[in-house]
Chemist: 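After the structure tokens below, expect a handful of questions from me.
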Amino acid sequence: MSGWAPGGALASNVEITAATVQRGDVIQLGGKACRVSDLFQLPQGAKQLLFESGELLTIHARTRLAAVRVLRRR
């Protein structure tokens, strides 16, 4: 599903993995929306995600999460 977000951006639901996660993705964890601000590569394909709130989440290479990705119009 996709839809228009405020400011003319296109938002879509995507399934992310350690290989496909991007800065700006919004992941809902424990009922709280967390936006990825930085990524760190770890051994064996894992990644550590740093959220804007300062919290960290480490995901394994096989982890699959639902996220919202906002694509800005150019």
Side-chain angles (χ1 to χ4, degrees):
M1 179 177 160
S2 63
W4 290 102
L10 180 66
S12 61
N13 293 326
V14 293
E15 182 179 87
I16 62 167
T17 65
T20 62
V21 65
Q22 298 177 5
R23 285 179 184 88
D25 285 347
V26 178
I27 303 168
Q28 185 144 350
L29 299 169
K32 180 179 176 186
C34 301
R35 183 180 306 272
V36 178
S37 64
D38 208 357
L39 308 162
F40 303 98
Q41 184 69 48
L42 298 175
Q44 299 174 350
K47 281 201 180 150
Q48 189 172 56
L49 312 180
L50 174 64
F51 297 113
E52 289 179 346
S53 63
E55 297 167 303
L56 292 171
L57 174 68
T58 302
I59 59 175
H60 185 273
R62 294 182 184 171
T63 301
R64 297 192 184 285
L65 298 169
V68 173
R69 184 167 290 161
V70 177
L71 304 172
R72 305 253 183 242
R73 282 196 324 185
R74 295 179 187 218

Chemist: Tracing side-chain links under 4.5 Å among I, L, V, M, F, W and Y, which residues wind up in one group with Leu65?
Modeler: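 Direct or chained contacts put Leu65 with Val14, Ile16, Val21, Ile27, Leu29, Val36, Leu39, Leu49, Phe51, Leu57, Ile59.
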Chemist: Hey, what do you get for OG1 (Thr58) to NE2 (His60), rounding to the nearest 0.5 Å?
Modeler: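 Interatomic distance, Thr58 OG1 to His60 NE2, rounded to 0.5 Å: 11.5 Å.
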Chemist: How many angstroms lie between atom CD of Glu15 and atom CZ of Arg64, to the nearest 0.5 angstrom?
Modeler: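 Glu15 atom CD to Arg64 atom CZ measures 5.0 Å (nearest 0.5 Å).
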Chemist: Can you name the closest pair of heavy atoms from Lys47 and Ala18 and give their distance?
Modeler: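 So the minimum-distance heavy-atom pair works out to NZ-O, 2.9 Å.
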Chemist: For side-chain contact (heavy atoms from CB on, under 4.5 Å), just list the numbers for Arg62 and Thr17, CA-CA rounded to whole Å, side-chain angles, deciding distance to a tenth of an Å, and then say yes or no.
Modeler: CA-CA 7 Å; Arg62 294 182 184 171; Thr17 65; over 6 Å; no
Chemist: How far does SG of Cys34 sit from CG of Leu56, to the nearest 0.5 angstrom?
Modeler: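 Rounded to the nearest 0.5 Å, the SG-CG separation comes to 11.0 Å.
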Chemist: How does the hydrophobic cluster around Leu42 look, that is, which other residues are in it when side-chain heavy atoms under 4.5 Å mark a link?
Modeler: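 Hydrophobic cluster check, Leu42: no partners found.
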Chemist: Tell me if a side-chain donor or acceptor on Gln41 pairs with a main-chain N or O of Ala46 at a distance below 3.5 Å.
Modeler: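 Yes, because the side chain of Gln41 sits within donor-acceptor range (under 3.5 Å) of the backbone of Ala46.
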